[in-house]
Protein chains: 2
Amino acid sequence: MSETSQRPTSRKGEIRTEILSRITRGDWPPGARVSSEHELMAQFGVSRMTAHAALAELAREGVLRRVKGLGSFVAPPLAHLTVMNVGDPAEEIAARGALHRAEVILAAERPATAAEALVFRLSEGASLFHLVIRHFENDAPVVLEDRLVNPKAAPDFLNQDFSRQTAFAYLMALAPYPQGRHIIRATEATERLRALLHLQPNEPCLEIERTTWTATCVVTQVRLSHPGQRFALIGAIEPR
Amino acid sequence: MSETSQRPTSRKGEIRTEILSRITRGDWPPGARVSSEHELMAQFGVSRMTAHAALAELAREGVLRRVKGLGSFVAPPLAHLTVMNVGDPAEEIAARGALHRAEVILAAERPATAAEALVFRLSEGASLFHLVIRHFENDAPVVLEDRLVNPKAAPDFLNQDFSRQTAFAYLMALAPYPQGRHIIRATEATERLRALLHLQPNEPCLEIERTTWTATCVVTQVRLSHPGQRFALIGAIEPR
DNA sequence: AAGTGGTCTAGACCACTCA
DNA sequence: GAGTGGTCTAGACCACTTC
């Protein structure tokens with residue numbers, strides 16, 4: 001994408017933009033069959049590898065769907081794909097040019113409840129680390145981080161100084177490239193959140209709950225509560 | 001991803017999984033230099049094109065960063081990438097196995113305010129289409145769709161039957177593969193929203209505002225308001 | 001000058017689909 | 001059997017980085 005109105009710098013790019021423009025012009029509606037690799041070889045005077053690379057790239061991006069023995073087809077563009085960066089609260093605040101400060105409210109070890117044991121695939125009552133941290137942006141509280149950590153994944157977790165390095169950064173160093181899922185909700189704030197985040201009367205919270213795991217175990221589950229009036233998630237939309 | 005624990009089916013896949021496992025094992029921490037294309041040719045007995053393809057694929061996925069003349073390096077895994085499908089409300093409701101119904105509340109043409117003109121890059125007072133639709137899931141209201149449409153992108157927009165085809169599907173057919181940005185917020189509901197979405201007292205809204213454009217013009221801006229207690233956005237996390 | 005990645009060529013073998 | 005995409009080879013030229 002983003003290449004729609006750029007001059008291509010490579011033979012592959014030429015083919016790409018030509019195909020993309022035919023699709024957006026409507027010459028090739030969703031479902032239509034586009035040129036085959038051999039046809040592109042003749043039309044553009046390139047080798048089959050180059051024609052293949054152009055089509056394969058468009059297929060990877062979701063613009064085309066390719067079927068062995070049949071051909072390449074314009075994929076139905078029936079869903080946006082929304083992409084959002086969710087990173088270290090400290091880094092995001094710093095990226096906005098603001099000052100970050102973290103306050104540890106709770107850092108303790110305790111037995112898992114039945115529900116938590118299920119999430120972490122542990123037995124009920126197994127030990128979990130529980131961390132609660134309040135993040136400030138220029139002295140205004142912007143996130144309450146409520147995090148559970150699997151001791152098997154990070155046995156030394158509670159000995160960290162979380163006012164210096166965030167839990168996010170520490171866990172990412174221990175278990176880089178995790179998989180995960182997240183849930184975004186709008187919730188009515190509890191009295192505790194109302195006080196900790198300095199919420200206005202009736203101001204809701206934007207909650208992000210994130211569970212991440214590696215091949216071997218569930219690493220952490222975190223709930224990030226943001227003040228609704230002072231926080232929004234912004235992201236880009238990509239076609240698929 | 002997702003290939004971490006699969007047996008590779010191709011030479012490229014072999015190289016990929018070997019590199020990935022060395023990274024996740026910690027042999028190659030973030031910032032480390034990985035094998036060069038020539039080294040991989042020798043180690044795996046493949047051609048340079050195959051070694052290149054493996055490294056290029058990992059670079060595309062954000063696992064590696066490649067620098068011409070220098071080498072390939074493990075990318076710092078300091079941010080999650082959150083990916084979410086945002087599609088047609090009707091299709092999403094159907095995908096949950098529920099019944100979808102749409103009710104048109106407003107469909108009109110009116111002059112743009114100054115702020116709207118800015119968004120659509122039109123002059124103030126230029127004509128805009130304004131559509132308000134309430135979507136039901138099994139007879140419970142789940143979304144209020146408040147949409148502005150650029151008449152230049154969809155001149156025939158108001159003549160559609162939006163109880164049969166959603167505005168989303170109609171616009172996607174007219175201008176497939178748009179670019180865009182979206183903002184997600186938690187907001188206190190207005191009285192109007194409270195009534196239309198059957199909200200509980202103090203129940204907040206999860207708002208998604210989406211602006212989409214093509215190469216030639218801004219196509220549409222839509223605000224989707226969801227009841228906080230009955231709606232959440234769920235997505236997958238991918239490393240970058 | 002040596003090593004790196006970016007790109008491309010002109011072949012090749014295979015598995016698949018359709019008629 | 002003819003056409004399709006999936007994958008791979010053994011070269012090539014180029015731009016770039018470091019020494």
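These numbers come from a predicted model, not from an experiment. By convention in this document, chain letters (A, B, ...) are assigned in the order of the sequence lines, proteins followed by strands, and residues within each chain are numbered from 1. Note: hydrogens, waters and symmetry copies are ignored here, and every other heavy atom, side chains too, is used.
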Check the distance between D:dT17's C1' and B:His38's NE2 and give it to me in whole angstrom. 16 Å

Can you list the residues that meet the ring-ring contact (aromatic ring centres under 6.0 Å, His included) rule with A:His226, with sequence neighbours excluded? A:Phe231

Rounded to whole Å, please give me the gap between CG in A:Leu55 and C1' in D:dG3. 15 Å

For B:Arg185, salt bridge (charged side-chain N to carboxylate O under 4.0 Å, His left out) partners two or more places apart: B:Glu207, B:Glu209

Can you tell me the distance, in whole Å, between the NZ atom of B:Lys12 and the C1' atom of D:dT9? 15 Å

According to salt bridge (charged side-chain N to carboxylate O under 4.0 Å, His left out), who are the partners of A:Arg121, at least two apart in sequence or on a separate chain? none

Name all residues meeting the salt bridge (charged side-chain N to carboxylate O under 4.0 Å, His left out) criterion together with A:Arg25; count only those two or more places apart in sequence or in a different chain, and write none if there are none. A:Asp27

With sequence neighbours excluded, what pairs up with B:Arg48 under the salt bridge (charged side-chain N to carboxylate O under 4.0 Å, His left out) test? B:Glu37

Expressed in angstrom and rounded to an integer, what is the separation of B:His52 atom NE2 from C:dT7 atom P? 6 Å

Applying side chain to side chain donor-acceptor pair (under 3.5 Å), name anything that partners A:Arg210, two or more places apart in sequence or on another chain. none

Measure from the side chain of A:Arg66, starting at C-beta and using heavy atoms only, and say which of C:dT9, D:dG5, D:dT7 lies closest. D:dG5

Side chains of A:Arg33 and A:Ser72 only: does a donor on one sit below 3.5 Å from an acceptor on the other? no

Rounded to whole Å, CE of B:Met41 lies from C1' of C:dT4 at a distance of 13 Å

Residue set satisfying ring-ring contact (aromatic ring centres under 6.0 Å, His included) with A:Phe162, at least two apart, ordered chain then number -> A:Phe157

Sequence neighbours left out, what passes side chain to side chain contact (heavy atoms under 4.5 Å, CB included) with B:Phe44? Give chain and number order. B:Glu14, B:Ile15, B:Glu18, B:Leu40, B:Val46

Whole Å only: how far is the CZ atom of B:Arg11 from the C1' atom of D:dT9? 11 Å

Kindly write out the residues that satisfy ring-ring contact (aromatic ring centres under 6.0 Å, His included) with B:His52, not counting sequence neighbours, or none if the list is empty. none

Do nucleotides 11-19 of chain C as a string where each nucleotide becomes B, S or -: B if the base has a protein heavy atom under 4.0 Å, S if just the sugar-phosphate does, - if no protein is that close. -BB-BBBS-

Terminal axes of the helix from C:dA1-D:dT18 to C:dC18-D:dG1 (five pairs each): angle between them, nearest 10 degrees: 0°

Where along residues 30-37 of chain B does a heavy atom come under 4.0 Å from DNA chain C, residue by residue in number order? B:Arg33, B:Ser36, B:Glu37

